[in-house]
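Quick note: numbers below take in every heavy atom, side chains included, and nothing from hydrogens, waters or symmetry partners. Positions are given from 1, in the same order as the sequence printed here.
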Amino acid sequence: MKWVTRSHAHVDRVACPWLIRRFVDNQAEFLFVPKSQVEQVAADMGAIPFDAPGVELGHHEGRCSFESILLKYDLREPGLLRLAKIVHAADVAEDIDSDPIARGLEAIASGFSLRYPEDEENLALQFEVYDALYAWCRLEVAKAPAG
């Protein structure tokens, strides 16, 4: 499938493609376009829009796009749920301090965007960050006492 979102990928627009490629569609192809073109490109290309205003896989009811994808595809693995808290906090400015890892992820995302302004290259390089962070999240939830 093709997936389309806004250009200039940052936290949610990197985390979502990582989530999609790893858990929803391992052959996913991502298109990055100006915000004003997301709807038209989705229609023209038959692409699934995400992390753009007014789309199903966007920000809704306090969720970031990563969380909307988890909900839509019924992804409930505890490590992913832990990662979702970090992504949400890093992506939603008013929630930045709701998770102790969020400011670090936001800083890393900003640094990657500065070093790699081309979305495809930025995405490819940051997938390693999300693989590592997800591994850490899985370890953290495994160590947590049963609630």
Side-chain angles (χ1 to χ4, degrees), residues 1-138 140-141:
M1 283 293 303
K2 289 184 191 277
W3 301 73
V4 62
T5 191
R6 300 172 288 138
S7 54
H8 308 295
H10 198 59
V11 176
D12 217 7
R13 287 186 310 278
V14 175
C16 290
W18 175 86
L19 179 64
I20 291 163
R21 183 82 48 81
R22 298 292 192 258
F23 295 93
V24 176
D25 176 6
N26 66 1
Q27 298 296 311
E29 180 181 332
F30 298 102
L31 307 170
F32 296 92
V33 300
K35 179 168 57 171
S36 63
Q37 296 177 17
V38 170
E39 189 176 320
Q40 188 63 52
V41 169
D44 291 349
M45 304 287 289
I48 300 170
F50 68 96
D51 199 39
V55 302
E56 178 185 13
L57 300 177
H59 286 233
H60 296 285
E61 300 174 3
R63 293 187 311 269
C64 69
S65 302
F66 188 91
E67 293 165 307
S68 291
I69 293 169
L70 288 176
L71 184 65
K72 166 86 176 174
Y73 293 97
D74 198 30
L75 300 171
R76 301 180 192 187
E77 191 274 320
L80 283 178
L81 299 179
R82 176 65 186 102
L83 180 57
K85 290 178 182 180
I86 299 167
V87 170
H88 173 97
D91 191 59
V92 178
E94 59 268 17
D95 293 337
I96 190 75
D97 290 319
S98 66
D99 191 282
I101 309 298
R103 285 193 184 271
L105 181 58
E106 206 287 324
I108 289 166
S110 293
F112 269 93
S113 293
L114 292 168
R115 291 193 66 209
Y116 307 102
E118 295 297 321
D119 289 316
E120 292 81 8
E121 183 180 23
N122 185 355
L123 205 73
L125 293 168
Q126 279 199 73
F127 272 25
E128 289 293 324
V129 172
Y130 281 90
D131 286 338
L133 187 54
Y134 174 58
W136 178 86
C137 288
R138 292 185 66 186
E140 286 299 296
V141 297

Please identify each residue that fulfils side chain to side chain contact (heavy atoms under 4.5 Å, CB included) with [X], with sequence neighbours left out.
{"X": "Glu140", "result": "Trp136, Lys143"}
{"X": "Glu29", "result": "Lys2, Leu31"}
{"X": "Leu71", "result": "Arg63"}

NE2 (His8) with more than 12 external heavy atoms under 6.0 Å |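 Incorrect, the count does not exceed 12.
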For atom CD of Glu94, decide whether the heavy atoms of other residues, nucleotides or ligands shown that lie under 6.0 angstrom number more than 12.
->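 Atom CD in Glu94 is packed in, count exceeds 12.
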With sequence neighbours left out, write down each residue that passes salt bridge (Lys or Arg N to Asp or Glu O under 4.0 Å) with [X], or none if nothing qualifies.
{"X": "Arg76", "value": "Asp74"}
{"X": "Glu121", "value": "none"}
{"X": "Glu118", "value": "none"}

Which heavy atom of [X] sits nearest a heavy atom of [Y], and at what distance?
{"X": "Ala102", "Y": "Ile86", "value": "CB-O, 4.1 Å"}
{"X": "Cys64", "Y": "Glu67", "value": "N-OE1, 2.7 Å"}
{"X": "His60", "Y": "Val55", "value": "NE2-O, 2.6 Å"}

Please report the C-alpha distance between Ile101 and Leu133 in whole Å, then the side-chain angles of each, then the deciding distance to 0.1 Å, and finally whether the side chain to side chain contact (heavy atoms under 4.5 Å, CB included) criterion is met.
-> CA-CA 10 Å; Ile101 309 298; Leu133 187 54; 4.3 Å; yes
For [X], what residues pass the side-chain hydrogen bond (donor to acceptor under 3.5 Å, both in side chains) criterion, not counting sequence neighbours?
{"X": "Gln37", "result": "none"}
{"X": "Glu106", "result": "His10, Ser110"}
{"X": "Asp131", "result": "Trp18, Arg22"}
{"X": "Asp12", "result": "His59, Ser65"}

I want to check something: taking the side chain as every heavy atom from C-beta on, are [X] and [Y] in contact at a cut-off of under 4.5 Å?
{"X": "Asp97", "Y": "Arg103", "result": "yes"}
{"X": "Tyr73", "Y": "Ile20", "result": "no"}
{"X": "Val14", "Y": "Phe112", "result": "no"}
{"X": "His88", "Y": "Phe66", "result": "no"}

Taking the six-membered ring for Trp, are Phe30 and Phe50 parallel (under 30°), tilted (30 to 60°) or perpendicular (over 60°)?
->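 Phe30 and Phe50: perpendicular rings.
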For this output row, return yes or no: ring centroids of Tyr134 and Phe23 closer than 6.0 angstrom.
->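 When the ring centroids of Tyr134 and Phe23 are compared, they turn out to be within the sub-6.0 Å range.
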Side-chain donor-acceptor pairs under 3.5 Å in residues 78-85, sequence neighbours left out?
{"residue": "Arg82", "atom": "NH1", "partner": "Asp99", "partner atom": "OD2", "Å": "2.5"}
{"residue": "Arg82", "atom": "NH2", "partner": "Asp99", "partner atom": "OD1", "Å": "3.4"}
{"residue": "Arg82", "atom": "NH2", "partner": "Asp99", "partner atom": "OD2", "Å": "3.1"}

Check the pair Leu105, Tyr130 against side chain to side chain contact (heavy atoms under 4.5 Å, CB included), reporting the backbone distance first and the verdict last.
-> CA-CA 10 Å; Leu105 181 58; Tyr130 281 90; 3.7 Å; yes
Can Cys16 and Leu57 be said to form a side chain to side chain contact (heavy atoms under 4.5 Å, CB included), step by step?
-> CA-CA 9 Å; Cys16 290; Leu57 300 177; over 6 Å; no
Kindly state each residue pair satisfying salt bridge (charged side-chain N to carboxylate O under 4.0 Å, His left out) with at least one member in residues 33-49, sequence neighbours excluded.
->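 Of all non-adjacent pairs touching residues 33-49, none passes salt bridge (charged side-chain N to carboxylate O under 4.0 Å, His left out).
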Side chain to side chain contact (heavy atoms under 4.5 Å, CB included) evaluation trace for Val24 with Leu75 | CA-CA 9 Å; Val24 176; Leu75 300 171; 4.1 Å; yes
Look at the side chain of Asp119 and the backbone N and O of Ala9, then say whether any donor-acceptor pair between them is shorter than 3.5 Å.
->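 Side chain of Asp119 to backbone of Ala9, a donor-acceptor pair under 3.5 Å: yes, one is there.
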Look up atom CD1 in Ile69 and atom CD in Glu56, then write down how far apart they are to the nearest 0.5 Å.
->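 Ile69 atom CD1 to Glu56 atom CD measures 10.0 Å (nearest 0.5 Å).
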